[in-house]
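The block underneath contains the structure these notes are about, expressed in structure tokens.
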Amino acid sequence: MAEETEKKYITSEDLKSHNKPGDLWIAIQGKAYNVSDWIKSHPGGDAVILNLVGQDVTDAFIAFHPGTAWRHLDDLFTGYHVGDFQISEVSRDYRRMAAEFRKLGLFENKGHVTLYTFAFVAAMFAAVLYGVLACTSILAHQIAAAVLGLLWIQSAYIGHDSGHYVIMTSGSYNRFAQLLSGNCLTGISIAWWKWTHNAHHLACNSLDYDPDLQHIPVFAVSTKFFSSMTSRFYDRKLTFDPLARFLISYQHFTYYPVMCFGRINLFVQTLLLLFSKREVPDRALNFAGILVFWTWFPLLVSCLPTWPERFFFVFTSFSVTALQHIQFTLNHFAADVYVGPPTGADWFEKQAAGTLDISCSSYMDWFFGGLQFQLEHHLFPRLPRCHLRKVAPVVQELCKKHNLPYRSLSWWEANVWTIRTLKKAAYQARDAANPVVKNLVWEALNTHG
């Protein structure tokens, strides 16, 4: 009883006031922590903390951190408890589910997915080398290009997994796996991926906070982009200018062709980050890995006999990876969106609203890298992909219990939903560009699609 009276309390409103540089507080399970200094060395970057300061972040903390992270909180404790701290029934059930998964050892039992995927990637790389160096037919070269595209897809899944949890026997080996599968094999910086991907998970489908929805001037999934909103992630205005209006007006036609060249954007984003003034973890190692990629890939292409073959080799390999870019957009483009920062109080609800699952047979799990279970992955990003299919029915039942959306679509249905979303925004962009020309012909075109 004496211990209860000795506790110092603040209100949720008091907690909200600690949201400025040098005075950054968060709450976890009703205890307030000062993360003003810790934010500089936070492994997940500063954006994820800055988006949630002044709030209770218990659910997000549980989702992103292993059990060993809890012991570090003692050094950050302010001595204050949040007196009006409350837990919603959804959060209570989510935390109970996470605790049950931990008891079952699901987070620690990673299976042999990484070993199999690395072996598959190595076999594909050998096949690509054989197809380019030992074969002379154009068909063999095109097959090698397609295999290289598939290699990049599978290698990206290794980088993705290693970015969320330790897939190797130690942290140093895990870092090596990240650099190898990301920088060296795909040419995409793991530092860039962590920077954007953590922000995406935290602010899932927030138009101004989630970088994975900010594709102006090429794509817009919502008419809210037409007001030239400011990206809180990139800290710049997403200008809806005449070029953006024109491109977005036809985005439902350009969607698939653009996906074929999606890798080029990732290469550019990687270089922009590495050459920026931002503080980039392991910048030198990231540069070294990118240099490895831009050494072996051009050399491989140069081994082809003619420039047309070289062009079509690159085009085919990039086009195959479009399957992965399409998958990533299917998971979110047609889901619910919102404007504003994420909030810690509705973690489960926001993840359910902002994701779509892709239904498929279990023998296709390798192809999708587990990310067809998008909601499950967003709720438990540290859960190895070999368990996502097992926990899906439990997640579905919890969504049903709390009347939350659980959408699992076939690949075809997800494409239809996505094109419908893009088409709707495209027609509205045309209206915004020329509002007075809305005549009977225009109405007929809108009516009959």
Side-chain angles (χ1 to χ4, degrees), residues 2-99 101-102 107 163-166 171 194-195 197-204 206 209 232-233 279 281 340-351 378-383:
E3 184 182 348
E4 285 294 322
T5 58
E6 290 173 7
K7 283 185 178 180
K8 295 184 293 184
Y9 290 96
I10 59 173
T11 66
S12 296
E13 286 300 315
D14 295 329
L15 181 65
K16 287 180 183 178
S17 67
H18 295 278
N19 62 352
K20 304 171 187 65
D23 183 29
L24 304 174
W25 288 21
I26 58 174
I28 298 174
Q29 290 191 337
K31 299 173 74 173
Y33 299 94
N34 188 337
V35 294
S36 304
D37 295 326
W38 168 242
I39 193 173
K40 301 170 187 174
S41 55
H42 182 235
D46 58 355
V48 292
I49 295 180
L50 290 173
N51 287 347
L52 287 176
V53 290
Q55 304 181 55
D56 181 274
V57 300
T58 305
D59 290 345
F61 186 87
I62 290 172
F64 283 108
H65 298 85
T68 54
W70 289 88
R71 66 172 180 262
H72 298 292
L73 292 176
D74 291 339
D75 297 332
L76 307 175
F77 184 45
T78 62
Y80 288 96
H81 295 73
V82 182
D84 53 353
F85 167 64
Q86 294 181 340
I87 307 174
S88 70
E89 286 304 311
V90 179
S91 289
R92 198 182 303 277
D93 283 345
Y94 169 68
R95 297 173 195 182
R96 189 180 297 119
M97 184 187 300
F101 291 168
R102 277 196 301 273
F107 293 102
H164 277 299
Y165 55 91
V166 177
K194 284 184 177 180
W195 177 50
H197 196 67
N198 287 339
H200 157 68
H201 265 267
L202 195 71
C204 179
S206 166
Y209 281 80
R232 302 302 174 185
F233 179 79
E279 193 168 321
T343 53
D346 57 357
W347 168 261
F348 194 109
E349 293 92 328
K350 285 282 174 61
Q351 304 302 323
H378 266 255
L379 292 174
F380 306 101
R382 293 185 52 259
L383 189 67

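Because only heavy atoms are used, hydrogens play no part in the values below, and waters and symmetry mates are left out as well, while side chains stay in.
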Any donor-acceptor N/O pair, [X] side chain to [Y] backbone, under 3.5 Å:
| X | Y | value |
| --- | --- | --- |
| Q351 | H201 | yes |
| T58 | Q29 | yes |
| S206 | P342 | no |

Heavy atoms only: give me the nearest [X]-[Y] pair and the separation to one decimal.
| X | Y | result |
| --- | --- | --- |
| L24 | N19 | CD2-C, 3.7 Å |
| D56 | F85 | OD2-CE1, 3.3 Å |
| A60 | L52 | CB-CD1, 4.1 Å |
| Y9 | G83 | CD2-CA, 3.6 Å |
| T78 | Y33 | CG2-C, 3.8 Å |
| V53 | H18 | CB-O, 4.3 Å |

Check whether any side-chain heavy atom of F348 lies under 4.5 Å from a side-chain heavy atom of D93, and answer yes or no. no
Check whether any side-chain heavy atom of P341 lies under 4.5 Å from a side-chain heavy atom of R232, and answer yes or no. no
How long is the straight-line distance from [atom2] of [Y] back to [atom1] of [X], given to the nearest 0.5 Å?
| X | Y | atom1 | atom2 | result |
| --- | --- | --- | --- | --- |
| W347 | H378 | CH2 | NE2 | 8.5 Å |
| S41 | E279 | OG | CD | 9.5 Å |
| H164 | K194 | NE2 | NZ | 10.5 Å |
| Y94 | I62 | OH | CD1 | 6.5 Å |
| I26 | I39 | CD1 | CD1 | 9.5 Å |
| Q55 | L15 | CD | CG | 8.0 Å |

Applying side-chain contact (heavy atoms from CB on, under 4.5 Å) to T343 and K350, what does each step give before you reach the verdict? CA-CA 9 Å; T343 53; K350 285 282 174 61; 3.7 Å; yes
Just do the side-chain hydrogen bond (donor to acceptor under 3.5 Å, both in side chains) check on D14 and T11 with the steps written out, would you? CA-CA 5 Å; D14 295 329; T11 66; 3.1 Å; yes
Would I87 and R95 count as a side-chain contact (heavy atoms from CB on, under 4.5 Å) here? Give the steps. CA-CA 10 Å; I87 307 174; R95 297 173 195 182; 3.5 Å; yes
Just wondering, more than 12 heavy atoms not from Y80 lying within 6.0 Å of its OH? no
Can you list the steps and then say if L383 with F107 is a side-chain contact (heavy atoms from CB on, under 4.5 Å)? CA-CA 5 Å; L383 189 67; F107 293 102; 4.1 Å; yes
Salt bridge or not between K40 and D46? Use side-chain N to carboxylate O under 4.0 Å. no
What do you reckon, are the aromatic ring centroids of F233 and Y209 less than 6.0 Å apart? no
For F61 and H65, take the angle between the two ring planes, folded into 0 to 90°, and tell me which bin it lands in: parallel under 30, tilted 30 to 60, perpendicular over 60. parallel
Candidate list I49, V57, V48, test side chain to side chain contact (heavy atoms under 4.5 Å, CB included), partner L202, passing option: V48
